[in-house]
Amino acid sequence: MTIESSIPIGHGYGSSTADVIASIRAVAASARVTLRQSTVARLAVAAESASDAIAYCDQALLFAHREGRTIEHFGGEFPPFLVVGFRDGSARPIDTLGMRRARYDSEEIGRFRVLRGLANRSIRQQDPRLLGRVATISASISQKHLPKASFDTILDIARAHDACGVQVAHSGTLIGILLDATAPRAAMRAAELARQVSGTGLQGVHTFALNAETRLIQ
């Protein structure tokens with residue numbers, strides 16, 4: 001088997017999981033076997049000790065990344081977003097296998113329980129601002145465990161552009177600013193935001209749509 005990938009390693013793009021999932025599917029295809037998504041996810045965790053939910057494609061769910069199982073399926077698709085993504089300044093790639101696991105205290109765990117309920121509601125009501133709020137609070141919690149040097153600056157930029165929220169990679173350097181794709185001038189606002197972010201020296205700035213029917217402006 002030969003694996004070729006252009007995904008940057010160690011920044012939170014899901015490079016290792018993408019390779020593992022692709023390998024599992026390729027082996028299954030060569031054997032003319034159809035695997036359930038849950039089986040693919042379980043095998044991915046067995047292969048690399050942790051995995052994200054790539055096996056489930058674009059389904060909105062809460063996934064136990066070290067157990068390879070779905071905790072809760074939110075029963076719908078993500079609200080429509082435009083996302084301006086980038087890497088945290090000069091931050092170096094992170095060795096995810098060697099990094100220390102986050103140990104959340106009781107207060108943080110309590111906040112996660114609330115966020116889980118809000119995430120469920122945001123999916124069912126197709127509310128991008130509510131999901132953006134969930135992402136921002138989760139990102140703020142992550143600052144204690146894997147801080148992003150530019151986080152406060154990014155929050156200020158997001159507020160200035162009336163963004164829905166900010167998301168971060170909890171095991172990488174990636175940051176994303178979330179915009180409501182259905183809002184007026186959404187594509188234009190995303191392009192303006194991307195230009196401002198690029199002007200701050202942040203790396204790998206790119207804009208993409210999530211579950212949105214729109215034309216991006218580069």
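What you see is a predicted model, and the numbers here were worked out from it, not measured in a lab.
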Table please: side-chain donor-acceptor pairs of residues 17-25 below 3.5 Å, with sequence neighbours left out.
unit_1, atom_1, unit_2, atom_2, d
T17, OG1, E48, OE2, 3.0
S23, OG, D19, O, 2.8
R25, NH2, A55, O, 3.3

Legend entry - D127 bridged to R133 by N-O distance under 4.0 Å: no
Would you check if the side chain of [X] reaches a backbone N or O of [Y] as a donor-acceptor pair within less than 3.5 Å?
| X | Y | answer |
| --- | --- | --- |
| S5 | I7 | yes |
| S138 | A135 | no |
| E108 | D105 | yes |
| E77 | Q59 | no |
| D88 | L174 | no |
| H73 | G75 | yes |
| R189 | D162 | yes |

Inset, instruction - Check step by step if side chain to side chain contact (heavy atoms under 4.5 Å, CB included) holds for L35 and L43. - result: CA-CA 10 Å; L35 298 178; L43 291 172; 4.2 Å; yes
Do the non-hydrogen side-chain atoms of [X] and [Y] ever get within less than 4.5 Å of each other?
| X | Y | answer |
| --- | --- | --- |
| V83 | I177 | no |
| Q37 | R42 | no |
| L202 | R87 | no |
| L178 | P128 | no |

Inset, instruction - Please say whether more than 12 non-hydrogen atoms of neighbouring residues, nucleotides or ligands are located less than 6.0 Å from CZ in R185. - result: yes
Inset, instruction - Just grab all the ring-ring contact (aromatic ring centres under 6.0 Å, His included) pairs involving residues 153-212, residues at least two apart or on different chains. - result: H206-F208
Legend entry - Distance-only side-chain donor-acceptor flag, N120 / R116, under 3.5 Å: no
Legend entry - Any donor-acceptor N or O pair under 3.5 Å, side chains H65, S51: no
Legend entry - For A60 against G76, the heavy-atom pair lying closest together: CB-O, 3.5 Å
Legend entry - I123 side, atom CD1; F78 side, atom CZ - distance, nearest 0.5 Å: 5.5 Å
Legend entry - Within the 6.0 Å centroid threshold, strictly below: H145 and Y104: yes
